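Structure first, commentary second.
Positions are given from 1, in the same order as the sequence printed here. All of these numbers come straight from a predicted model, not from anything done at the bench. Computation of the quantities below employed the complete heavy-atom set of this structure, encompassing side-chain atoms and omitting hydrogens, waters and symmetry-equivalent molecules.
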Amino acid sequence: MGSVDKTLFLLSRGGDTTIVQIYVDDIIFGGSSHALFCFERMSREFEMSLMGELQFFLGLQIKQGPEGTFVHQAKYTRDILKKFEMGDSKPITTPMSTNTALDADEDGEAVDQKEFRGIIGSLLYLTATRSDIQFAVCLCARYQASPRTSHRQAVKRIFRYLKFTPKLGLWYSSGSSLFLRGFSDADHAGCRIDRKSTSSTCQLLGTSLVSWSSRKQASVSLSTTEAEYIAAASCCSRLLWMKATLSDFGLRFGKIPLLVDSTSLFPKNPVLHSRTKHIDVRFHFLRDHYEKGDIDLVHVASENQLADIFTKPLEFGAFVRLRGYMLEMC
């Protein structure tokens, strides 16, 4: 049983490993060979059906080959375009315009709340493989309580973008080296309603994206440094969880690079204390894990900050360039 994930089971013997991952009543079997394949043994104890090579799982499509594995939701994308009558819409190259500035729009015309929530729910499920729409969908999701025409137009643009890119997905190369790293960024006071900041993080294993997040912070940050500090602490927490989880697979990591574009986060920076002394103590565990050697804060140029795609709308060139590090076309 996994030390972190209690639904993960591993069996190693003679250089071979079998992995069993359980999700409610679905089970995935994987391994280095068929030598330890234990379906027959388990089927004598439990009522089970073998569905063959993994191709579909919880709405995800999986294509396996000798060069790697491709995970996508192309069929689901087509289905929701048809469901919400956007199948014949005009394609567009980005999910959100750089000029978009959504707010409560209290004077705007109200739209059907049930339909809007259904759209948001469908799009949120699509973000399981489509990190490129994460920010746009999460921004629109903030207005589910009282959606207006402006909010509906914003989600329609997301659909038009999906019409343009229906086959994007996650590529996991079998030849990629397995090193763990994280990116962290923040958009200070970006919310026009309450001036809370947005934390954005992503984690990669080798060259493949495995986890990402775009989330409004719980409290108002008093400075850009504080917003960046909160985001970096969240990324650090995620990296430590992933490090512990991957150790069950026999993978060991030293210092994990956490890439940020704010120099004020570095412990050697003399302005660190003056700018962060008002931050709640719980966020100082970032500095603690840096000093322990668990993570290594690394500066990255803003144009190479992958997490930037989760903080705000980007112009086409920057958006496509950052998207290229994360997703591929099937």
ask   = Side-chain heavy atoms under 4.5 angstrom apart, residues restricted to Ile, Leu, Val, Met, Phe, Trp, Tyr: same cluster for M242 and L251?
value = yes
message = Run D103 and R192 through salt bridge (Lys or Arg N to Asp or Glu O under 4.0 Å) and show every step you take.
response = CA-CA 6 Å; D103 55 25; R192 300 182 68 188; 3.7 Å; yes
task = Determine, stepwise, if the pair Y172 / V210 fulfils side chain to side chain contact (heavy atoms under 4.5 Å, CB included).
result = CA-CA 9 Å; Y172 298 101; V210 292; 3.8 Å; yes
inquiry  = If you apply the rule side chain to side chain contact (heavy atoms under 4.5 Å, CB included), what do you find for D194 with V220, and how did you get there?
reply    = CA-CA 8 Å; D194 53 22; V220 178; 5.5 Å; no
key: D79 bridged to K83 by N-O distance under 4.0 Å   = no
message = Quick check: closest heavy atoms across L322 and E303, and the distance to 0.1 Å?
response = CD2-O, 4.0 Å
ask   = So how far is it from I133 CD1 to L162 CG, rounded to the nearest 0.5 Å?
value = 5.0 Å
query = Are any side-chain N or O atoms of Q305 and backbone N or O atoms of D185, one a donor and one an acceptor, separated by less than 3.5 Å?
reply = no
query = So, do K156 and M86 sit near enough that their side-chain heavy atoms are less than 4.5 Å apart?
reply = yes
key: Donor-acceptor side-chain pairing of R238 and S211 below 3.5 angstrom   = yes
key: Backbone of I92 reached by a side-chain donor or acceptor of K163 within 3.5 Å   = no
task = Following the transitive rule for hydrophobic clusters with a side-chain heavy-atom cut-off under 4.5 Å over Ile, Leu, Val, Met, Phe, Trp and Tyr, establish whether I158 and F135 coincide in one cluster.
result = no
inquiry  = Could you check whether any side-chain N or O of R252 sits under 3.5 Å from a backbone N or O of S247, counting only pairs where one atom can act as donor and the other as acceptor?
reply    = yes
request  = Might you point out which heavy atoms bring L168 and F70 nearest each other, and give the distance in Å?
outcome  = C-CZ, 4.2 Å
ask   = Between L204 and L209, which heavy-atom pair has the shortest distance, and what is it?
value = CG-CA, 4.0 Å
ask   = Transitively linked via ILVMFWY side-chain contacts under 4.5 Å: V71 with W171?
value = no
ask   = Is there a chain of hydrophobic side chains (I, L, V, M, F, W, Y, each step under 4.5 Å between heavy atoms) that links L327 to L205?
value = yes
Any donor-acceptor pair under 3.5 Å from Q113 side chain to A145 backbone = yes
request  = Kindly give the heavy-atom pair with the smallest separation between A231 and S184, and that separation in Å.
outcome  = C-OG, 3.2 Å
query = Do T198 side-chain atoms and R215 backbone N/O form a donor-acceptor pair below 3.5 Å?
reply = no
inquiry  = If you define the side chain from C-beta out and look only at heavy atoms, does anything of D132 sit under 4.5 Å from P95?
reply    = no
key: Value rounded to 0.5 Å, distance of CG in L170 from CD1 in I62   = 11.0 Å
inquiry  = Given 3.5 Å as the limit, does a donor-acceptor pair link the side chain of R195 with the main chain of A189, or not?
reply    = yes
note = Here the pair of heavy atoms bringing I120 nearest to A141 is CG2-CB, 3.6 Å
inquiry  = Please find the pair of heavy atoms, one from E226 and one from L222, that lie closest to each other, and give the distance.
reply    = OE1-N, 2.8 Å
query = Got a second to check how far R148's CZ is from E106's CD, nearest 0.5 Å?
reply = 7.0 Å
query = Parallel, tilted or perpendicular: which describes the rings of H151 and Y143, with under 30° parallel and over 60° perpendicular?
reply = parallel
ask   = S89 side chain to R160 main-chain N or O, any donor-acceptor pair under 3.5 Å?
value = no
inquiry  = Whether the Q73 and T129 side chains hold a donor-acceptor pair (N or O, under 3.5 Å, no angle test) is what I'd like checked.
reply    = yes
ask   = Can you tell me how far the OG1 atom of T69 sits from the CG atom of L54, to the nearest 0.5 Å?
value = 9.0 Å
message = Using 0.5 Å steps for rounding, measure from the CD atom of E228 to the CG atom of D187.
response = 9.5 Å
ask   = Is there a side-chain contact between F310 and S131, using heavy atoms and a 4.5 Å cut-off?
value = yes
request  = I would like to know whether I19 and F249 meet side chain to side chain contact (heavy atoms under 4.5 Å, CB included); could you show each step before the answer?
outcome  = CA-CA 9 Å; I19 301 169; F249 295 91; 3.5 Å; yes
task = Could you please spell out the steps behind the side chain to side chain contact (heavy atoms under 4.5 Å, CB included) verdict for F164 and T93?
result = CA-CA 7 Å; F164 182 69; T93 56; 4.0 Å; yes
query = Among side-chain atoms of S200 and S214, is any donor-acceptor pair under 3.5 angstrom?
reply = no
task = Would you please indicate if the ring centroids of Y161 and F319 are separated by under 6.0 Å?
result = yes
Q217 (side chain) donor-acceptor with A227 (main chain) under 3.5 angstrom = yes
inquiry  = Given 3.5 Å as the limit, does a donor-acceptor pair link the side chain of H188 with the main chain of S221, or not?
reply    = yes
request  = State whether a side-chain donor-acceptor pair under 3.5 Å links S173 with E67.
outcome  = no
query = When clusters are formed by joining ILVMFWY residues with side-chain heavy atoms under 4.5 Å apart, either directly or through shared neighbours, do Y23 and L60 land in the same one?
reply = yes
inquiry  = Would you say that more than 12 heavy atoms from the other residues, nucleotides or ligands in this model lie under 6.0 Å from the CZ of F9, or not?
reply    = yes
ask   = Where the side chain of Y76 meets the backbone of S122, is there a donor-acceptor pair that is under 3.5 Å apart?
value = yes
query = How about T18 and R13: does a side-chain donor come under 3.5 Å of a side-chain acceptor?
reply = no
ask   = Crowded around E109 CD? As in, over 12 foreign heavy atoms under 6.0 Å?
value = no
inquiry  = I'd like to check Q203 versus W212 (side-chain heavy atoms, cut-off strictly below 4.5 Å). Are they in contact?
reply    = no
